[in-house]
Amino acid sequence: MPSRILWSSDHHFGHRAILDERMSVHRPFASIEAHDEALIAHWNSAVAPDDTVWHLGDFCYRCNEDYARSVFGRLRGKRRFLIRGNHDRIGARLSWDGVFDVARVVVPGPDGVPQGVWMSHYAHRVWPRMHRGDLHFFGHSHGTLPGTATSTDVGVDCFGFRPVTLDEIRARLTENAQAEKEGQAVFSHGRERKVDGLP
């Protein structure tokens, strides 16, 4: 199998409070140990040894560095890159192939023409080269921020607690576009009817 690029975000390895009921998104694990073991297993089932993974921030939090290194050492992937999140003081010290605040990669577009992907921990309303067709992948929002036809949250809360491929993300972008279209249809006709999630 040829090598691939996968994306993920917001694992929060070692972060006990991520399981607190007050968090905006519920993670269904009985303990942080069970959480971490499940996310390690999901990563390794999705990522092949020759793959590249872009992690868009918050790899670990509130754990010691030795623990973070032990988790990192168990994760598959030939090359692994980190986009710093707001909880990456320890995570940024791990053995990534590169650590960035933001980054851009070029991938094959659906029509074979190269397409850029702008990556940040935080969602942007605008980003470089969006007018030329670049996509935007982000994390941080744990699935609480709606995506668009050209941008989406790639965090583990959105994709079964695992890194995802470009094809999976493109499918999500298509779903986002359909949701956008349906929402615009309601408002473009000035109808005063309720849309799920809106007053």
*Are any non-hydrogen side-chain atoms of R170 and V107 less than 4.5 angstrom apart?*
yes
_By ring-ring contact (aromatic ring centres under 6.0 Å, His included) - contacts of Y67 (at least two apart)_ = none
_4.5 Å side-chain heavy-atom contact, L173 and T150_ = no
*Between atom CH2 of W7 and atom CD of E168, what is the distance when rounded to the nearest 0.5 Å?*
11.0 Å
*D20: what forms a side-chain contact (heavy atoms from CB on, under 4.5 Å) with it, not counting sequence neighbours?*
R22, M23
*asked:* Measuring only between side-chain heavy atoms, which start at C-beta, is I18 closer than 4.5 Å to I32?
replied: yes
*Apply the side chain to side chain contact (heavy atoms under 4.5 Å, CB included) test between S151 and each candidate in F137, W127, W118; give the one that qualifies.*
W127
*Taking the six-membered ring for Trp and the single ring otherwise, decide whether the centroids of W54 and F81 are under 6.0 Å apart.*
yes
*asked:* I'd like to check the side chain to side chain donor-acceptor pair (under 3.5 Å) partners of H15; sequence neighbours left out, ordered by chain and number.
replied: H12
*Taking the six-membered ring for Trp and the full ring for Phe, Tyr or His, determine whether the centres of F138 and Y122 are under 6.0 Å apart.*
no
*Partners of D167 by side chain to side chain donor-acceptor pair (under 3.5 Å), sequence neighbours excluded?*
none
*Apply ring-ring contact (aromatic ring centres under 6.0 Å, His included) to F159 and list each qualifying residue two or more places apart in sequence or on a separate chain.*
none
*Calculate, to the nearest 0.5 Å, the distance between atoms NE2 and CG belonging to H55 and L82 respectively.*
7.0 Å
*Given side chains that start at C-beta, do those of I5 and L166 come closer than 4.5 Å, heavy atoms only?*
no
_Please enumerate all residues that pass side chain to side chain donor-acceptor pair (under 3.5 Å) together with R93, with sequence neighbours excluded._
E65
*Give a yes/no verdict on a cation-pi contact between R80 and F59, requiring under 6.0 Å between NZ or CZ and the six-membered ring centre and an angle within 45° of the axis.*
no
